[in-house]
Amino acid sequence: MAPITFRATLWMVFLIVIAGILIASLASYLVMGPVALLVILRGICTGLFYGMLAIGLSLVFGVMKVINIAHGEFIILGAYITYWLSTLFGLDPFATLIFSALALFFLGLIIGRFVISPALKGGIDPPLIISFGLSLCLANLMRVYWTATPRGLRLYLGGIPLPGGATLSVTHLIVAAAAIIGLTLLHIFLSKTYPGKALRAVSMDREAALLMGISSSRIETIAYAVGLLFAGVSGSLLSIVLSFDPTCGHIYLGKVMCVIVLGGVGYIPGAAAGGVILGVAEALGSLFFGDTVRDLVAFVIFLLILLFKPTGLFAKYRAF
Amino acid sequence: MVFYIFLLIVLLLLIVAPLVLGTVYWTTLLYTLLLHIILAESWNIIGGFGGQVFLGTAAFFGWGAYTSAMLYYAGVPFAACILLAGFSAACLAFILTPTFKLRGVYFVVGSLFISEIMKTIVLTLPIFGGAAGIMLPVFRERVLFTYYSAFLLMLVVFLITLFITRSKIGIALRAIRDDQEAAEIFGINSTMFKLLALVITSLLCGMAGGIHAFYMIYVEPHSFFSISWNIIPVFTVLIGGTSTIMGPIIGTAIYTLLRELFIFVTGEIYLTVLGALLIVVMLIAPSGVYPAFTKAIHRVQKRIR
């Protein structure tokens, strides 16, 4: 397994992304005034968080070649775990990250072992439909037991004053930092540990990995569990900054898919870059066209990218 | 011969049923059954015969409903409203042609977003009345009227499905489903046939939406572009068995029966039960209940001989 090579073109793409964001922010600063600065900064923070949302699904997709349609619902489940633990038991929201990570990891082990792994033998369609059934089950269970009331902690830990009178909430920065730490940890897991290396091997060539003595089905289960772990952790971060309700899982699935087609499957820097592009695009979209457009941006970018550049922006640079 | 007599009896019963039973509950139940059979059979054309897991039927359904509601206010008669609703939904399908560039899972997820995009468009543009939607006038015998329209549309759907299974279109679609590259090598224009299948599906879904608009009276984006209109056709066809005529009917019967039972017994939780059922069916019999059932019958027959 060759290490990820940072060739000149990769830096070019990153530079173009950064330059695009800078130009967009400058233009919107000229049009809208100082509010634009805050909006762009928040967009970048949310974008890094979107990268974190996406990497779990990206991992499962890379290994199993099947989209986990229930990923959005698992994110919302993670968000609920944090919300209930901190409102009912008074735990620190950031400490509950461990609980939601562990809970979803073991849930992932069980579902991956007993449901997804057996279904994978029947081709692509059965596991896809099964994940669809899972999303139906989860969304409805959460709606019935925890009601459809929008919830969220919306933590406020103080703000950083920006030029022009606006303040950037510290919580956003903490979430962005957490996302970067999470992505780095995943990178270390994939490049340094045995399960991580085996996981990359399985996603590159399942049969060859089998011949090298890697139990592919076990690795698929682990990949599913790690994918859900990331869904849980990012769901916890979601409940700290934003509000959520049981039925908005598929909106997050849309964002996640958009990030994946922007950044490529299983490429960690790509996920971060795709997330930032989406975050800034959403922020600018809702700044100029109103808040109803916000959720539409991800869908439109997803369809446009797939129609005009189906391989994504970072197709050459896959971690696996 | 026995089968045709049985079919005739069932059709006659369906014609007489609302007049004999008379109560609103039974007519409503039969109406929803017919509506879901229409949606399931029309999804079966693209999803079963064509093998494209298209999860965006709500876009056509809602678009058809909006078209017929708006045309009704423009003074167009009822029947023409429904026909034009189907036609406009088919136009929408034509616009969606580029989606066939997407392959595999991207197509599935992309189609899931089409209804979301349509919902947001209808919500934001002021012509469609925003979140308040459009209110249709209440007229007498509304339930019977929509029931018989749905009945006629169901007959049309069956004729179209029969035609597709017996014609070259069906063969081409099945070839694409089994192996798209191989079908293309044999000279089948896969994009054209898939588009044809999508247009037929959208036409029928749009007409179903047009009828349902008159049934519900109140057309608003959240209920007509609801994700459940994406889910239910797929669900019923997959449970019953894809690319058969009987499969979707059996799937719809199972769905309606379970829904009525669970709404009485467990209340709101019925969607969870249906999702769990979908998982179990996919694990045990990935091709659906009806094919598994016929296979079992064949096995029993062999053993008796």
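So you know, we letter chains A, B, ... as the sequences are listed, proteins then strands, and number each from 1.
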> Hey, which of A:Val66, A:Leu128, A:Val144, A:Ile129 has the most heavy atom pairs under 4.5 Å with chain B?
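Of the candidates given, the most pairs with chain B belong to A:Ile129.
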> Please list, in residue-number order, every residue in residues 215-223 of chain A that has a heavy atom less than 4.5 Å from any heavy atom of chain B; write 'none' if there are none.
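Contacts with chain B: none.
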> Which atoms of B:Leu238 come close to chain A, meaning under 4.5 Å heavy atom to heavy atom: side chain ones, backbone ones, both, or neither?
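The side chain, not the backbone.
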> Atom CD1 in B:Ile231, atom CG in A:Leu136: separation rounded to 0.5 Å?
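Answer for the CD1-CG pair, B:Ile231 versus A:Leu136, is 4.5 Å.
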> When heavy-atom pairs shorter than 4.5 Å are enumerated against chain A, which of B:Gly51, B:Gly275, B:Ser228 gives the highest number?
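Looking at each option in turn, the highest pair count goes to B:Gly275.
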> Rounded to the nearest 0.5 Å, what separation is found between the CG atom of B:Leu55 and the CZ atom of A:Phe132?
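Here the interatomic distance stands at 5.0 Å.
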> Which bit of A:Leu138 comes within less than 4.5 Å of chain B, counting heavy atoms only: side chain, backbone, both or neither?
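A:Leu138 has no heavy atom closer than 4.5 Å to chain B.
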> Please give me the minimum heavy-atom distance between B:Thr272 and A:Leu141, naming the atom from each residue.
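That closest heavy-atom pairing would be CG2-CG, 3.5 Å.
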> Quick one: what part of A:Leu296 sits under 4.5 Å from any heavy atom of chain B, side chain, backbone, both or neither?
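Contact with chain B involves the side chain of A:Leu296 alone.
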> So does A:Tyr145 have more than 12 non-hydrogen atoms from other groups sitting under 6.0 Å from OH?
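Open: at most 12 neighbouring heavy atoms sit under 6.0 Å from OH of A:Tyr145.
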> Please classify the contact of B:Ile227 with chain A as side chain, backbone, both or neither, using a heavy-atom distance under 4.5 Å.
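Side chain of B:Ile227 only, per the 4.5 Å heavy-atom cut-off to chain A.
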> Atom CH2 of residue position B:Trp43 - does it have more than 12 heavy atoms of other residues, nucleotides or ligands inside 6.0 Å?
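Check passes, neighbour count above 12.
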> For the residue pair A:Pro118 and B:Leu283, what are the closest heavy atoms and their distance?
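The pair with the smallest heavy-atom distance is CB-CD2, 4.4 Å.
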> Under 4.5 Å heavy-atom distance to chain B, tell me which part of A:Phe61 shows up: side chain, backbone, both or neither.
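For A:Phe61, the side chain is the part near chain B, not the backbone.
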> Take atom CZ in A:Arg113; do more than 12 heavy atoms of anything else shown fall under 6.0 Å from it?
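Atom CZ in A:Arg113 is not packed in, count stays at 12 or less.
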> Sub-4.5 Å heavy-atom contacts with chain A: which residues of residues 286-294 of chain B show up?
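B:Pro286, listed by number.
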> Heavy-atom count around B:Phe94 CZ within 6.0 Å, excluding the residue itself: above 12?
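For B:Phe94, atom CZ is not crowded (no more than 12 foreign heavy atoms under 6.0 Å).
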